[in-house]
Number of protein chains: 6
Amino acid sequence: MTPAENTKGTLAMDSERRADEVITHEVVFPQDTNHYGTLFGGKMLSWMDKVAYYASTRFCGQNTVTVSVEGIDFSVPVRNGDLLDLHARVIHTARTSLVIRVDVFKTEMPYTSERRLSHTGYFTFVALDDDGKPRRVPTLLLETEEDRRLFSLGAKIKEHALSRRKSASR
Amino acid sequence: MTPAENTKGTLAMDSERRADEVITHEVVFPQDTNHYGTLFGGKMLSWMDKVAYYASTRFCGQNTVTVSVEGIDFSVPVRNGDLLDLHARVIHTARTSLVIRVDVFKTEMPYTSERRLSHTGYFTFVALDDDGKPRRVPTLLLETEEDRRLFSLGAKIKEHALSRRKSASR
Amino acid sequence: MTPAENTKGTLAMDSERRADEVITHEVVFPQDTNHYGTLFGGKMLSWMDKVAYYASTRFCGQNTVTVSVEGIDFSVPVRNGDLLDLHARVIHTARTSLVIRVDVFKTEMPYTSERRLSHTGYFTFVALDDDGKPRRVPTLLLETEEDRRLFSLGAKIKEHALSRRKSASR
Amino acid sequence: MTPAENTKGTLAMDSERRADEVITHEVVFPQDTNHYGTLFGGKMLSWMDKVAYYASTRFCGQNTVTVSVEGIDFSVPVRNGDLLDLHARVIHTARTSLVIRVDVFKTEMPYTSERRLSHTGYFTFVALDDDGKPRRVPTLLLETEEDRRLFSLGAKIKEHALSRRKSASR
Amino acid sequence: MTPAENTKGTLAMDSERRADEVITHEVVFPQDTNHYGTLFGGKMLSWMDKVAYYASTRFCGQNTVTVSVEGIDFSVPVRNGDLLDLHARVIHTARTSLVIRVDVFKTEMPYTSERRLSHTGYFTFVALDDDGKPRRVPTLLLETEEDRRLFSLGAKIKEHALSRRKSASR
Amino acid sequence: MTPAENTKGTLAMDSERRADEVITHEVVFPQDTNHYGTLFGGKMLSWMDKVAYYASTRFCGQNTVTVSVEGIDFSVPVRNGDLLDLHARVIHTARTSLVIRVDVFKTEMPYTSERRLSHTGYFTFVALDDDGKPRRVPTLLLETEEDRRLFSLGAKIKEHALSRRKSASR
């Protein structure tokens with residue numbers, strides 16, 4: 001990562017930035033499982049939010065907080081002892097918010113080369129200044145066809161969230 | 001709750017059931033917060049999943065697992081010391097799955113009568129038999145206008161998830 | 001809950017209040033058990049204290065802290081996967097302290113309508129002002145025969161604690 | 001500790017045994033505190049139960065489980081950074097159960113020689129065989145005046161618990 | 001990673017393998033700190049062991065367990081809110097054991113491009129078969145000058161551990 | 001422990017002090033194990049660091065922080081349910097730092113008199129003043145042959161760490 005910097009060594013918020021990927025790893029232990037020996041869903045959500053937070057904060061160079069979570073799919077069960085790879089990538093930016101896609105892959109023990117996608121989800125964050133007010137975030141640089149496809153997906157995620165909040169308000 | 005029972009005292013899975021609400025409470029302590037003293041998002045997701053799990057499992061009378069999470073909105077910040085009320089309610093059932101809506105309300109200390117909605121989200125669960133295969137869940141009884149409105153909302157949540165999985169597959 | 005309020009929306013401490021019940025729920029996972037697969041006693045004590053804290057704080061509208069714990073009985077074993085309902089109720093108030101009774105019920109999986117009392121206990125709290133000095137708590141309103149029976153039980157709990165502290169001091 | 005052993009190296013359950021003390025230590029960190037920076041009561045209860053479990057299990061040489069907790073007094077507040085000494089001692093034995101007294105002392109930082117008693121409580125355990133049935137525990141050897149005074153205190157604790165269970169049953 | 005596989009898709013243990021690096025990330029929250037707001041050393045050791053475990057297990061394709069830890073240096077303090085990058089790399093293999101070097105870098109918030117090495121350490125693991133007996137591990141492929149320098153460093157780490165165990169035995 | 005005190009009841013830092021031992025105990029529960037039911041190495045490192053911290057802080061009477069960890073050997077596997085005794089002892093002091101040796105012994109259930117050394121390690125701490133600068137620590141009093149043997153071992157540990165930092169710097 002080579003972020004654009006101003007003369008003080010802090011990030012320029014009006015800069016354009018590439019969306020490099022953040023990857024973390026977890027190992028499933030008994031403290032993470034439910035009583036049938038599979039990963040407790042809440043623990044996975046917590047891990048996904050943490051890596052999304054890391055990607056969001058590193059991209060912005062400032063404190064960010066989760067404001068919404070969309071479309072988390074649990075595709076295959078995860079079991080005690082499985083190794084997990086969590087990939088987080090900034091896919092969309094607006095003025096003060098950004099969307100992070102998180103993909104989780106699992107590998108069972110004994111370890112083979114077979115790695116399977118187990119979870120996917122989208123986390124929206126906003127950057128906050130010291131008074132807790134939203135502040136501008138860097139603009140995502142779109143370089144490849146994949147960048148543009150994901151940006152468009154992120155835009156739909158945001159749009160859907162917005163329409164849901166309007167229609168589902170009690 | 002007075003669930004329909006068969007002669008063995010276990011729940012009849014083909015019964016119709018009312019969607020009673022499960023309410024649980026949490027207190028925000030330093031172990032739940034990030035470094036700016038507000039609740040870590042992943043912790044809230046974990047708490048929401050737990051109460052949804054409780055509601056889902058009690059409704060079905062069998063083990064259930066999270067399969068997707070939709071539309072979680074973080075409306076107001078939650079801080080160290082806040083008291084939380086988490087409300088989970090079954091709003092939709094299909095043959096082997098069900099949708100739970102979770103609403104979280106927070107009250108700040110010193111405690112007043114002012115309680116604010118802080119989080120909302122939808123959790124889809126499936127019921128599993130002993131071999132880990134999906135099994136039939138009870139049918140949600142729709143009695144009031146609100147029951148029907150929420151059922152329709154749950155149906156849209158499911159539909160949206162289905163269309164997302166089709167279009168967003170890599 | 002519709003607490004008596006003064007004009008500032010904060011609770012009037014000299015008011016009389018009904019003792020509504022706080023119910024919370026837990027699910028027993030491997031992280032909560034000892035090596036024979038039953039709930040670790042210390043974890044249950046921690047859960048009971050948390051719901052008592054919630055009930056005490058909501059009743060007083062102010063910060064409260066545990067000062068003593070009496071008569072906790074573990075009646076039936078609780079196992080991995082059990083669903084728990086924790087009921088906390090204010091049963092006694094004095095000038096600056098209050099007694100909370102906590103009853104825990106467990107339901108085994110697969111879920112039936114059979115729910116069993118597993119734990120009971122009494123937690124005494126005091127309300128503290130901003131300097132950490134005891135402050136007045138609302139008075140418990142006694143309306144039913146049950147209210148009065150429990151108040152009398154709470155009085156005995158307090159009396160017993162007092163006599164124990166006198167006689168057992170080293 | 002030099003427990004009486006039979007020829008297989010396991011403890012003879014019909015033996016008489018001295019009540020040696022078990023001491024453990026904890027340090028209070030932010031993860032253990034509530035939002036006003038003092039130790040969360042539930043955490044202390046959990047620590048007290050753990051040291052009582054250790055003392056009970058070592059005395060019996062077999063698995064034991066908590067069956068009741070009596071008379072826990074929180075005498076002085078414990079704060080972030082305090083060092084704790086937890087002393088557990090078997091003070092009473094009956095055929096299948098035993099009573100453990102736990103005293104907790106705290107020392108504040110910067111460390112001086114001043115150590116204050118912060119918590120006291122009594123934990124009753126029963127020993128279980130492999131089928132979960134109560135089994136005989138060793139008999140406590142009473143050698144000093146203090147041993148006898150504490151045994152008598154333990155007897156009162158048991159008696160009180162018994163009378164409470166009779167009278168307070170709902 | 002493209003590990004050598006046998007016809008069953010499991011890793012061939014007699015293969016030579018490259019030492020690819022495993023990088024994971026953590027965020028320091030209050031639950032990880034001591035009472036002066038810096039990271040609790042034990043938490044860092046636990047995080048370092050987890051990433052070393054991940055690297056060791058992925059390299060071997062089998063269960064591995066920690067057998068010794070050498071030379072962990074804490075160079076700069078880590079504080080609440082810091083972002084951490086943990087790098088683990090297999091640097092040495094013997095017949096049934098392997099040495100993992102772990103380097104930790106920290107970045108403070110607000111985020112700049114300045115990343116500092118905060119911790120380094122060496123973890124030795126052994127691979128175990130289903131009966132808990134040591135089993136053969138793949139051989140580390142040495143391709144670059146850096147590979148050979150680190151291999152030699154790992155050899156010294158092992159040698160030092162061996163001599164310590166001989167001389168320091170009580 | 002009867003530390004040398006000055007007239008204010010705080011410890012005199014220029015005093016000589018005996019190296020009394022701190023012993024604490026842990027019980028291994030499922031939350032502490034990996035997926036094969038043995039203790040997770042990172043958890044043990046965390047427990048060893050905590051007892052070393054306690055011993056170091058009590059000896060100095062001031063806040064201390066871990067600066068390096070040397071030579072931790074895992075000798076025998078520790079399993080779910082095992083009882084652990086952790087012994088920490090100050091073995092070496094320099095002007096602003098001190099070395100703590102930690103030995104861990106395990107006893108399996110059902111409990112016999114057989115206790116086995118499972119882990120050993122060395123933790124170096126420095127004492128810090130309120131500004132986070134190193135400050136003087138008390139001098140270790142060497143009274144027995146064993147005191148002197150351990151002091152010499154601690155000196156080698158320090159020397160080795162120093163030479164490693166010089167030669168292994170990247």
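Every chain is numbered from 1, with letters handed out A, B, ... down the list of sequences. Excluded from the calculations below are hydrogen atoms, water molecules and symmetry mates; all remaining heavy atoms, backbone and side chain alike, are included. In this text the structure is predicted, and so the values were computed from the model without any measurement.
Contact check for Phe123(C) versus Leu45(D): side-chain heavy atoms found under the 4.5 Å cut-off. Side-chain contact between Asn63(D) and Tyr36(C) is present, with at least one heavy-atom pair separated by less than 4.5 Å. Side-chain contact between Thr66(C) and Phe40(D) is absent, with no heavy atoms from C-beta onward closer than 4.5 Å.
Contacts with chain D were tallied for Thr124(C), Val69(C), Leu128(C), Thr38(C); Val69(C) has the most, counting heavy-atom pairs under 4.5 Å. The choice from Ala52(C), Ser75(C), Gly41(C), Gly71(C) that makes the most heavy-atom pairs within less than 4.5 Å of chain D is Gly71(C). The greatest number of non-hydrogen atom pairs below 4.5 Å with chain D, out of Asp49(C), Val65(C), Asn34(C), is found for Asp49(C).
Take Arg95(C) and apply the salt bridge (Lys or Arg N to Asp or Glu O under 4.0 Å) test, not counting sequence neighbours, and it matches no residue. For Glu26(D), the salt bridge (Lys or Arg N to Asp or Glu O under 4.0 Å) partners two or more places apart in sequence, or in a different chain, are Lys50(D), Lys50(F).
Between Tyr53(C) and His35(D), the ring planes lie perpendicular to each other; the angle is over 60°, past the 30° to 60° tilted range.
If you measure heavy-atom distances from His160(C) to chain D, the contacts under 4.5 Å come from the side chain alone.
The number of heavy-atom neighbours closer than 6.0 Å to CZ of Arg148(D), taken from other residues, nucleotides and ligands shown, is above 12.
Among all heavy-atom pairs drawn from Ser46(C) and Gly42(D), the shortest one is CB-O, 3.6 Å.
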